[in-house]
Amino acid sequence: MDNYGALEPIGGGDPIPLLRSALTVGRRESCDIVLRFANVSGQHCKLTLESGYWFVQDLNSQNGIKVNGAHVMRKRLDPNDTLAIARHKYKIQYSPDELGASGPPPSDEEDITTVLGKSLLERAGLKKRPESSSGRSYEAEDDSEDELKKKTDWD
């Protein structure tokens, strides 16, 4: 299959064909769909076709994504849904039947547990530290203790 649907810019512009079942969207030239806007991250989001339905996944972008006006990290895109990448809005056009869907649409409830299953500190890249004599119970995952001390005035 050479066409999996399209993203139609709301407010005018040429439709963007969805030519593969997995596409990266962002400002970098290496992305499958390049959006040359300053408020779009280098790699902003990923579109994947799952069981005949498109899903969008935020790739830790600066300005986020919205589906039908709601901020999401991962969400199923139904036909005619509005996808906002930063502030750029698109209507997704496709036919699940033509893309191999059978039965009810796949659930996207798993993204709720993915987001809510982690504490805010874990989502910020911090991890729980074993009992500490310093009184600090969280540390950055990527920094050594010395690096943390340099970045903070805790000691």
Side-chain angles (χ1 to χ4, degrees), residues 1-128 138-144 147-148 150-152:
M1 175 175 282
D2 60 352
N3 192 347
Y4 295 93
L7 291 176
E8 294 184 3
I10 294 175
D14 294 331
I16 300 167
L18 304 175
L19 300 175
R20 294 201 316 258
S21 59
L23 301 160
T24 55
V25 181
R27 202 174 63 243
R28 287 190 192 144
E29 293 297 322
S30 61
C31 291
D32 300 304
I33 297 173
V34 179
L35 300 177
R36 293 179 180 91
F37 301 107
N39 61 349
V40 173
S41 294
Q43 286 192 322
H44 201 98
C45 61
K46 183 172 187 169
L47 296 168
T48 54
L49 190 61
E50 302 173 23
S51 302
Y53 286 83
W54 281 103
F55 282 75
V56 64
Q57 169 85 42
D58 192 317
L59 297 176
N60 296 316
S61 65
Q62 184 74 29
N63 292 311
I65 57 174
K66 290 182 182 179
V67 175
N68 298 326
H71 280 281
V72 297
M73 286 302 294
R74 183 178 192 278
K75 181 87 172 111
R76 185 183 69 236
L77 296 169
D78 293 326
N80 296 311
D81 275 354
T82 299
L83 170 63
I85 301 168
R87 291 189 178 159
H88 308 280
K89 294 181 182 177
Y90 303 87
K91 190 168 291 276
I92 188 161
Q93 301 291 343
Y94 72 100
S95 171
D97 293 337
E98 291 177 14
L99 299 180
S102 60
S107 172
D108 57 5
E109 289 182 14
E110 63 190 349
D111 57 297
I112 293 171
T113 58
T114 301
V115 172
L116 297 181
K118 294 182 177 180
S119 73
L120 289 174
L121 290 165
E122 289 172 314
R123 289 172 41 202
L126 301 172
K127 64 180 180 180
K128 186 109 173 133
Y138 286 89
E139 65 183 8
E141 291 182 11
D142 297 336
D143 290 334
S144 69
E147 289 299 311
L148 277 174
K150 289 177 191 171
K151 292 179 180 179
T152 64

Test side-chain contact (heavy atoms from CB on, under 4.5 Å) applied to Pro106 - qualifying residues, sequence neighbours left out = Ser51, Tyr53, Phe55, Arg76
Do other residues, nucleotides or ligands put more than 12 heavy atoms under 6.0 Å from Lys91 NZ?
-> yes
Between Asn3 and Tyr94, is any pair of side-chain heavy atoms under 4.5 Å apart?
-> no
Applying side-chain contact (heavy atoms from CB on, under 4.5 Å), run through Leu47 and Leu77 and close with a yes or a no.
-> CA-CA 9 Å; Leu47 296 168; Leu77 296 169; 3.8 Å; yes
In plain terms, say whether Glu29 and Arg36 are close enough for a salt bridge, that is, a side-chain N and a carboxylate O under 4.0 Å apart.
-> yes
NZ/Lys46 to SG/Cys31 distance, rounded to the nearest 0.5 angstrom?
-> 11.0 Å
Are Leu18 and Ile33 close enough that some pair of their side-chain heavy atoms sits under 4.5 Å apart?
-> yes
Which residues share a side-chain contact (heavy atoms from CB on, under 4.5 Å) with Ala86, sequence neighbours left out = Asn39, Val40, His44, Asn63, His88
So do Cys45 and Ile85 actually touch side chain to side chain, heavy atoms under 4.5 Å?
-> yes
Looking at Ala84 and Lys89, what are the two nearest heavy atoms and their distance?
-> CB-CG, 4.0 Å
Ile92 side chain reached by Asp78 side chain, heavy atoms, under 4.5 Å = no
Report, one line per pair, each donor and acceptor closer than 3.5 Å where one atom sits in a side chain of residues 64-71; sequence neighbours left out.
unit_1	atom_1	unit_2	atom_2	d
Asn68	OD1	Thr82	N	2.9
Asn68	ND2	Asp81	OD1	3.0

Kindly give the heavy-atom pair with the smallest separation between Asn60 and Met73, and that separation in Å.
-> OD1-CE, 4.2 Å
Considering residues at least two apart in sequence or located in another chain, which fulfil the side chain to side chain donor-acceptor pair (under 3.5 Å) criterion with Gln43?
-> none
Can you sort out the partners of Pro9 under side-chain contact (heavy atoms from CB on, under 4.5 Å), two or more places apart, ordered by chain and number?
-> Tyr90
Gln93 side chain reached by Asn80 side chain, heavy atoms, under 4.5 Å | yes
With sequence neighbours excluded, what pairs up with Gln62 under the side-chain contact (heavy atoms from CB on, under 4.5 Å) test?
-> Ser41
Output all residues satisfying salt bridge (Lys or Arg N to Asp or Glu O under 4.0 Å) with Asp32, sequence neighbours left out; order by chain, then residue number.
-> Arg20
Measure the shortest side-chain to side-chain distance between Asp58 and Ser61 over non-hydrogen atoms and say whether it is less than 4.5 angstrom.
-> yes
Excluding sequence neighbours, so at least two apart, what forms side chain to side chain donor-acceptor pair (under 3.5 Å) with Thr48?
-> Glu50
